[in-house]
There are 2 protein chains.
Amino acid sequence: MLQEKTPIVSQAVIRRLPIYLRYLQQLHLDEVDTVSSQEMGQDLDINPAQIRKDLAYFGEFGRKGIGYSVPYLIEKIRQILKLDRSLPVALVGAGHLGIALSNYSRLRQAELAIAAIFDKDPQKIGTKIAELVVEPIDRLESRVRELGIRIGIVAVPAAEAQAVVDRMVGAGILGILNFAPTTLRVPGEVHIRYSDVTSELQALAYYVE
Amino acid sequence: MLQEKTPIVSQAVIRRLPIYLRYLQQLHLDEVDTVSSQEMGQDLDINPAQIRKDLAYFGEFGRKGIGYSVPYLIEKIRQILKLDRSLPVALVGAGHLGIALSNYSRLRQAELAIAAIFDKDPQKIGTKIAELVVEPIDRLESRVRELGIRIGIVAVPAAEAQAVVDRMVGAGILGILNFAPTTLRVPGEVHIRYSDVTSELQALAYYVE
DNA sequence: TAGATTGTTAATCGATTAACAATC
DNA sequence: TAGATTGTTAATCGATTAACAATC
C-alpha cells in the first residue's frame with residue numbers, strides 16, 4: 001500500500017501554490033505546453049530556486065534540461081491542494097460582502113463553491129442569493145454535516161465573529177477565512193486566515209508619500 | 001528643526017501595526033487605560049517581545065514597570081501609519097466587490113474613505129454608489145490629481161488589471177490594493193498588496209482533512 | 001553531443017524569540 | 001522599596017537564495 005508522504009511544509013510554501021496554479025492555468029489557456037522555473041520566476045516576481053524548491057517538497061515534477069509540463073504541473077498542484085475534488089464552503093453573513101462573495105464565479109470554477117449561506121437576521125433568511133436560500137444560523141451544524149463542509153467563511157461584524165467561529169469549529173469545520181476585523185481564537189487543529197481591507201490599506205498608507 | 005527618523009522597517013512590522021491599532025481602539029472603547037505587551041500578546045497571539053520590538057522602531061512609547069498608555073499608543077501608531085490625516089482612495093471597478101467596498105463604513109472611520117469610483121462600462125457610469133457617482137475611467141488622472149489621491153483599489157477582472165494599474169501609476173498613485181487574481185507589474189517606488197479570496201481558500205484546502 | 005534546467009545542498013539573509021539591565 | 005515591564009542585545013530559528021552535480 002502506498003504511504004502518502006506528508007512532509008511538514010511551511011505555510012509560506014502552501015500560500016505560493018495557488019499563485020503558481022493560477023499562472024499555469026493562464027499559460028494553459030494560452031496553449032503553452034512547457035515552462036521553466038526561470039520563466040515562472042520572471043512573470044511572478046519570485047526567485048526561480050524558490051519555485052523549484054517549493055515544488056520539490058511534493059515530488060519530482062520537472063524534467064532536467066526541459067522544464068515543467070504545464071498540464072501535468074496543474075494536475076499535481078491541484079492534487080496537493082486537494083482541489084481535485086469538490087470542496088463545499090459555508091458562508092456566514094449575508095451582507096454586502098457575503099453577497100459579493102456568493103456571486104463570485106471564480107470560486108465555483110476552483111471547486112470551492114459556496115454551498116450554504118447563513119445569517120441570523122430574519123429579514124435575510126429565506127431570501128435567495130446566487131441560487132442559494134439564506135438559512136438561519138441554527139441550521140449551521142446540521143447543514144455542515146449533511147454537506148460534508150470543512151471550510152467556512154466569516155463575513156459578520158467583529159462583535160459576532162467569535163461566536164460564529166465557535167459554532168463552525170463545533171460543527172467540524174477545519175479551515176476558516178475570516179473577514180471580520182478582529183483576532184479570533186481557534187483550537188490548534190483549525191486553520192484560520194485573515195482578510196481585512198482596512199488593515200491592508202492602513203499598511204499601504206505607511207508607504208505613501 | 002526636528003529631523004523625522006525614518007528607519008528601514010520590514011513589511012512584516014508595518015503589517016502588524018494595523019492589528020495593534022485595531023486592538024487598542026477596542027481597548028479604548030472598553031475604557032482600558034494601560035496595557036502591557038504581555039496582555040497584548042496574549043490577546044493577539046503575538047510574542048510580547050515582538051510587539052515591544054515593533055513599537056521600539058518608532059520611539060519609546062511605553063513606561064518601564066507600567067506598560068503602554070492606550071490612548072497615547074493609538075495616537076502614535078496613527079501618526080506612524082499617516083492615519084492622522086485624511087487619505088482619499090480611488091476605486092476602479094464598480095462590480096459586486098466594488099459596491100461592497102464602497103459601502104464599507106469602517107474605511108471612512110479609518111480616514112481611508114473611497115473618494116472616487118471609476119468604471120469603463122457606460123451602463124455603470126453616472127450611477128450612484130454610497131453617495132458617489134461612478135465616473136468614466138478616463139477621468140482617473142485628473143480626479144486623482146484634483147483630490148490628492150495616493151492610494152488605489154483595483155476591483156476589475158484580471159484581464160484589465162494591468163492596464164488599470166498602469167494608469168494609476170501614471171497618475172501618481174503610490175499604494176495599490178489589488179483584488180484582481182493576477183500578478184501585476186509596478187515600478188519599484190509603488191507598493192502593491194494582493195487580496196484574493198480564491199487563493200486564500202485554495203491554501204486552506206491543503207490543511208483540511 | 002552541447003546547452004539547458006532540474007533537484008538539492010550549502011550559504012546567506014532576515015525575522016522571531018529569549019534574556020536581562022534599566023527603571024518606573 | 002519590591003514587583004513589574006520596558007527597550008534592546010544576543011541567540012535562535014526559519015525562510016530565501018546561490019551554486020552545482022545530475023541528467024534530459
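The figures here come from the full heavy-atom set of this structure, side chains too, leaving out hydrogens, waters and symmetry mates. In what follows, chains carry the letters A, B, and so on, assigned in the order in which the sequence lines appear, proteins first and then strands, with residues in each chain numbered from 1. A quick note: this is a predicted structure, and the numbers were derived from the prediction, not measured.
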For the pair made of CG in B:Asn47 and C1' in C:dT16, what is the distance, rounded to whole Å?
7 Å
Should we say atom NZ of A:Lys82 is surrounded by more than 12 heavy atoms from elsewhere, each under 6.0 Å from it?
yes
For C:dA10, what is the paired nucleotide under Watson-Crick or G-U wobble rules, both distances under 3.5 Å?
D:dT17
Sub-3.5 Å donor-acceptor pair from the side chain of B:Glu39 to the main-chain atoms of B:Ser36, do we have one?
yes
Choosing from D:dT16, C:dA18, D:dG7, which nucleotide comes nearest the side chain of B:Glu60?
D:dG7
Measure CD/B:Gln50 against P/D:dC13 and give the value in whole Å, please.
16 Å
According to a strict under-4.0 Å criterion, is A:Tyr68 in side-chain N/O contact with OP1 or OP2 of C:dA4?
no
Between B:Asp54 and the options B:Arg16, B:Arg15, B:Lys76, the salt bridge (Lys or Arg N to Asp or Glu O under 4.0 Å) test singles out B:Arg16
Whole angstrom is fine here: how far is it from CD1 in A:Ile51 over to P in D:dA15?
17 Å
Watson-Crick/G-U partner (both atom distances under 3.5 Å) of C:dA4
D:dT23
Whole-Å distance, A:Tyr57 OH to C:dT6 P, equals 17 Å
Using whole Å, what does the distance between atom C1' of nucleotide D:dT17 and atom CE of A:Met40 come to?
17 Å
Atom CD1 of B:Ile46 to atom P of C:dA15: distance rounded to whole Å?
15 Å
Donor-acceptor pair, distance only, cut-off 3.5 Å: does the side chain of A:Arg22 make one with the backbone of B:Pro181?
yes
Where is the tightest heavy-atom contact between B:Met168 and B:Ala90, given as atom of each residue plus distance?
CE-O, 4.3 Å
Using a 4.0 Å heavy-atom cut-off, does A:Arg52 contact any base of the nucleic acid, only the sugar-phosphate backbone, or nothing at all?
base
Between C:dT17 (P) and B:Asp45 (CG): distance, integer Å
10 Å
Along DNA chain D (nearest heavy atom to each residue), the more 5'-positioned of B:Gly65 and A:Lys53
B:Gly65
Roughly, in whole Å, what's the span from OH in A:Tyr72 to P in C:dT6?
15 Å
With the side chain defined as heavy atoms from C-beta on, B:Lys64 is closest, among D:dC24, C:dC24, D:dT8, to C:dC24
Closest-nucleotide mapping onto DNA chain D: is A:Arg16 or B:Asp54 further toward the 5' terminus? I mean the 5' end.
B:Asp54
Measure from the side-chain heavy atoms of A:Arg63 and tell me the nearest of D:dA15, C:dC24, D:dC24.
D:dC24
So if I take every side-chain heavy atom of A:Ser37 and compare against D:dT8, C:dT6, C:dT8, which nucleotide ends up nearest?
C:dT6
